[in-house]
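Working notes, structure below.
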Amino acid sequence: MEKKHISLVLTFISLFLLTSSSHSYLILDNFIECFSHDFPLSTTSLDVIHTPSNSSYSSLLESPIRNLRFLTSTTPKPLAVITPSTYDHVQATVTCCRKHGVQIRTRSGGHDYEGLSYTSNVPFIILDLVNLRAIDVNSEENSAWVQSGASLGELYYWISQKSPSHGFPAGICPTIGVGGHFSGGGYGTISRKYGLAADNVLDAVIVNADGQILDRKSMGEDLFWAIRGGGGSSFGVIVAWKIKISYVPPLVTVFSPSRTLDQGATNLVYKWEQIANKLPEDLFIRLVIVADGEGKNRTIRVTFNSLFLGRTDQLLEVMKESFPELGLIKEDCREMSWIETILYFDNRNGQTIDGLKNRVPDPKGFFKATSDYVEEPLSQAALEKLWKWCLEEERPALIFEPYGGIMDKIPEWQLPFPHRKGNLYNIQYFVQWSVGSNEASERHINWMRRLYQHMTPYVSKGPRRAYLNYRDLDFGVHSNISGTTYSEAKKWGAKYFSKNYRALAFIKGKVDPENFFNDEQSIPPFK
Ligand SMILES: Cc1cc2nc3c(=O)[nH]c(=O)nc-3n(C[C@H](O)[C@H](O)[C@H](O)COP(=O)(O)OP(=O)(O)OC[C@H]3O[C@@H](n4cnc5c(N)ncnc54)[C@H](O)[C@@H]3O)c2cc1C
Ligand SMILES: *[C@@H]1O[C@H](CO)[C@@H](O)[C@H](O)[C@H]1NC(C)=O
Ligand SMILES: *[C@@H]1O[C@H](CO)[C@@H](O)[C@H](O)[C@H]1NC(C)=O
Ligand SMILES: *[C@@H]1O[C@H](CO)[C@@H](O)[C@H](O)[C@H]1NC(C)=O
């Protein structure tokens, strides 16, 4: 009786799988037919479509994935990976997906913390922009055009090749993609001086839900505002950006002394909280905090991971004035060109800057992260409690990123990214593990959730805010994407965008009223 029951269930399941996968093939066939209809003369255009029967499918799908939590046998896979080499291919993909009810997940660098650029619970294709990564730097005009599929490393490399006195304010990890990063903000070592990557965008080219290709002028200022920090995935496929590049001196200084609890780390962090956002804009000191050592040696180690846009002598004077407690000495400092600091901050010591052109995969691991904004310094007691939490976890990391500088001068509504004046620093909580069992994942993720709960009294309130590029699905997801509501999505919308959430929803309602571009945390169209 029991056996019969099980086999009945099994038959039912396999029938279901059979019908759902043949349904998928049907959708895929229709999509391919539609796509080739747009390119009747070009036989090569189909080479940009990689289906599971092509040997290229798996490596294309998997190689940019950074978070192994979303690379398992049960992770939903795309019907196809499309790798457009022209903007027409992007337009055809949008048009044909919309016509045949296939969802698009756009991927530039694949660094999304929750895998939203390459997984979905409905039939979907990945539009992977890896072959759209041209970079054209015009140092006389202090500008550059960069396609979304370029990595930050490639962008930094080509800027430095054109001009040793230019750089760009964007993130620290060179394998991040331009497309996701710029559209979510983009914060890095020179953001206290020049702002976010998004603050330095002058123009952009987007393919909208109707398959039209638009630049700043034709898309209008509202949409152009929304894609600079509001998240690209709600609004279209941004294929290229024009950016303003910034002046950097030919020699800059880096230093990264670290201190353990025995060496007075707590007091130093407490002092850092008072001054990090008030330091000169040329000085960036972020904290990388880990728990390391075994047994009795286990301690908290704080690294003061820093860049100064100037020479060592001048830096030592600034430090003597503002942070003498750290005891920085000349021997802690190294002078180098700005492009070399990219390797330094990514711990690529000994590698050459040519390596920035390779989209070298980072060491992969399973991870969970989230973020907070701090408006009042944590007390020493609160810091000590935080250390206790970290000592209990195997491989935790906290990154404290200082704000202030130009970030205080940009109005909250200038771009969707609202975390400006009054924020001392951002905390990124990060936990990594290397065994992908459900038990391990659950244990580490639970640690993160309990810590987030614990931190409530110490961080921004009403709403408790977070950085979109450190996406966390724990803040909530759409329960029903076709019936999605403005108020439901406010749970995470207010965290990421504060008062700007409303304007984003209005713009979404205008440019994509049918909500074609959506994901678990996309902006719903305001109706
Ligand atoms: C190791 C690591 C280090 C990081 N360091 C920093 C840092 O220093 N500073 C910082 O600010 N952030 C940092 N981040 C976060 C990073 O900025 C975000 O994860 C960013 O969204 C990644 O962009 P991507 O193109 O690589 O990601 P993807 O996974 O490709 O995309 C992320 C999101 O953007 C959408 N998207 C991507 N491309 C486009 C496009 N062309 N048009 C429309 N939508 C698009 C995707 O659909 C997805 O929703 C880091 C992340 C990692 C994993
Ligand atoms: C994928 O396979 C199809 C059918 O065999 C073939 O026509 C197409 O050229 C292949 N695409 C790629 C990118 O290799
Ligand atoms: C602690 O560190 C010391 C010095 O590095 C080392 O000799 C010792 O074995 C370590 N103890 C433990 C328990 O790991
Ligand atoms: C989702 O929302 C749509 C539109 O409001 C509604 O028709 C549908 O029944 C809802 N589905 C579920 C599962 O609630």
Side-chain angles (χ1 to χ4, degrees), residues 32 36 43-57 60 64-67 70 80-84 90 104-120 124 126-130 132-133 147-152 169-189 191 196-198 204-207 227 229-241 286 292-299 345-346 359 362-365 367 369 371 399 401 417 426 428 430 432 467-471 517-522:
I32 293 175
S36 28
T43 46
T44 55
S45 70
L46 287 183
D47 288 353
V48 305
I49 302 178
H50 309 263
T51 72
S53 61
N54 294 114
S55 57
S56 48
Y57 175 86
L60 272 172
I65 295 180
R66 287 289 162 275
N67 195 342
F70 309 107
V81 180
I82 318 279
T83 53
V90 177
I104 291 183
R105 291 293 160 119
T106 306
R107 181 164 71 182
S108 292
H111 279 51
D112 194 87
Y113 280 13
E114 298 278 14
L116 299 195
S117 60
Y118 51 88
T119 59
S120 176
F124 73 109
I126 295 176
L127 187 58
D128 192 312
L129 305 183
V130 59
L132 287 175
R133 55 174 207 274
Q147 289 184 325
S148 285
S151 68
L152 295 183
I172 287 172
C173 169
T175 51
I176 292 173
V178 159
H181 189 66
F182 288 16
S183 62
Y187 180 90
T189 61
S191 290
L196 306 170
V205 179
I206 188 172
V207 174
I227 59 172
S233 62
S234 300
F235 297 100
V237 181
I238 302 110
V239 287
W241 310 78
R286 72 166 181 168
D292 72 14
E294 301 288 327
K296 274 196 186 138
N297 291 348
R298 190 151 174 85
T299 186
F345 275 91
D346 198 42
R359 304 162 74 90
D362 289 342
K364 297 192 176 192
F367 71 84
S371 64
I399 301 177
E401 286 171 332
F417 178 100
N426 173 278
Q428 182 180 179
F430 196 90
Q432 262 193 94
Y467 177 25
L468 175 66
N469 269 344
Y470 303 154
R471 190 198 304 286
F517 287 107
N518 70 70
D519 63 29
E520 286 76 351
Q521 285 190 335
S522 56

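Atoms within each ligand, like the ligands themselves, are counted from 1 in listed order.
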- Message: Tell me the nearest of V207, V178, D128, I238 to atom 42 (N) of ligand 1, using heavy-atom distances.
- Response: I238
- Counting each atom of ligand 1 from 1 as listed, which ones have a heavy atom of V237 under 4.0 Å away? 42 (N)
- For ligand 1, is there an atom lying under 4.0 Å from some heavy atom of Y470? yes
- If we number the atoms of ligand 2 from 1 as shown, the ones under 4.0 Å from a heavy atom of D47 are 9 (O), 13 (C)
- Query: atom 23 (O) of ligand 1: which of E401, R286, H181 has the nearest heavy atom?
  - Reply: H181
- Item | Polar proximity ligand 1 side, N469 side, N/O cut 3.5 Å exclusive | yes
- Query: Is the ring centre of F235 less than 6.0 Å from the ring centre of F517?
  - Reply: no
- Query: Are any of the side-chain heavy atoms of P84 and L129 separated by less than 4.5 Å?
  - Reply: yes
- Item | Close N or O approach (D112, ligand 1; < 3.5 Å) | yes
- Do T175 and H111 have side chains that get closer than 4.5 Å, going by heavy atoms? yes
- G186, G232, G180: member with heavy atom nearest to atom 34 (O) of ligand 1: G180
- Considering the heavy atoms of H50, write down every atom of ligand 2 situated less than 4.0 Å from one of them. 13 (C)
- Query: Would one find an N or O of G177, backbone or side chain, under 3.5 Å from an N or O of ligand 1?
  - Reply: yes
- Heavy atom of protein inside 4.0 Å of atom 14 (O) of ligand 3, strictly below: yes
- Message: Please check whether T175 reaches ligand 1 - meaning an N/O of the residue sits under 3.5 Å from an N/O of the ligand, judged on distance alone.
- Response: no
- Query: Which of the atoms in ligand 1, numbered in the order shown and given with their element, are less than 4.0 Å from a heavy-atom of G236?
  - Reply: 42 (N), 43 (C)
- Which of the ligand 1 atoms, numbered from 1, are nearer than 4.0 Å to a heavy atom of L129: 41 (N)
